[in-house]
Amino acid sequence: MKKKLEDICNRQVEREAYSSNLYLAMASWAETKGMSGVANWMYAQSDEERMHMLKFIKFINERGGHAIIPKLDKPPVDYKGVTEMFDEVLHHEKFVSESINEIVALATAEKEYALLNWIQWFVSEQIEEESSVQAIIDKLRLLGKNNLYMFDRDILAMRGAEGEAAE
Ligand code: FEO
C-alpha cells in the first residue's frame, strides 16, 4: 500500500479510537445521571467503534503497512442533556463519514482497488449509523424533555433488538 494511503488509514485508526472514547465518556455521563438505557447504547456503540479501529489496524498491517496506535484527545466530561448529546453523536458521525469519503476519494485517485473494495463496508456502515442516530433524535424530539424516563426504556429495547439482529 502506498505511504499516503497508509497515512490516511492511520488517521482513521485515530478517529475510530477517538469515537470509541467519546462514546465511552458519554456512557459514563449517562450512567451517572441514572440513564441506564442511554448508557447501555453508548457502551455498545463504543465497542463498535473499537471494532472499527481494529478493522483498520488489521487491514493496514495485512497490506504491508504499519498501523500506529495513537495518543488520543480527552473527550468532553459533561453534556448539557441527552438531546444535546445525541446531536453531538450525529455531528461526530457526519465528520467520520466525511473522513471515510476522503479515503474513498484518495483510493480512487491512486487506483488502490483493494482498499476501495474493502472500505465499502464502512461506507454502508456510516449510512446506517447516521440514520439510526437520526431516528433516536427524532424520537427524543417527539417525546420531549419531560419523557426522558420513557425514552431511556425505549432506547434500551432498541439496542437489544439491534444486538439480536446482528447475531
Ligand atoms: Fe466508526 Fe461510527 O464510525
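As the structure lists them, so they are numbered: ligands from 1, and atoms in each ligand from 1. Nothing here was measured: the structure is a model prediction, and the numbers come from that model.
- Residues satisfying the salt bridge (Lys or Arg N to Asp or Glu O under 4.0 Å) test with Glu102, not counting sequence neighbours, are Arg11.
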Could you walk me through whether Lys33 and Asp152 pass the salt bridge (Lys or Arg N to Asp or Glu O under 4.0 Å) test, one step at a time? CA-CA 11 Å; Lys33 302 292 174 202; Asp152 195 53; over 6 Å; no
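- More than 12 non-hydrogen atoms from other residues, nucleotides or ligands lie less than 6.0 angstrom from CE of Met51.
- To the nearest 0.5 Å, atoms OG (Ser20) and CD (Glu49) are separated by 7.0 Å.
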Apply the test salt bridge (Lys or Arg N to Asp or Glu O under 4.0 Å) to residues Arg63 and Glu112: give CA-CA distance (whole Å), side-chain angles for both, the deciding distance (0.1 Å), then the verdict. CA-CA 11 Å; Arg63 299 292 299 161; Glu112 186 77 27; 3.7 Å; yes
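- Ring pair Trp118/Phe56 is perpendicular by interplanar angle, where above 60° counts as perpendicular and below 30° as parallel.
- Protein contacts to atom 2 (Fe) of ligand 1 involving N, O or S atoms at a distance below 2.8 Å are Glu49 OE2, Glu93 OE1, Glu93 OE2, Glu129 OE1.
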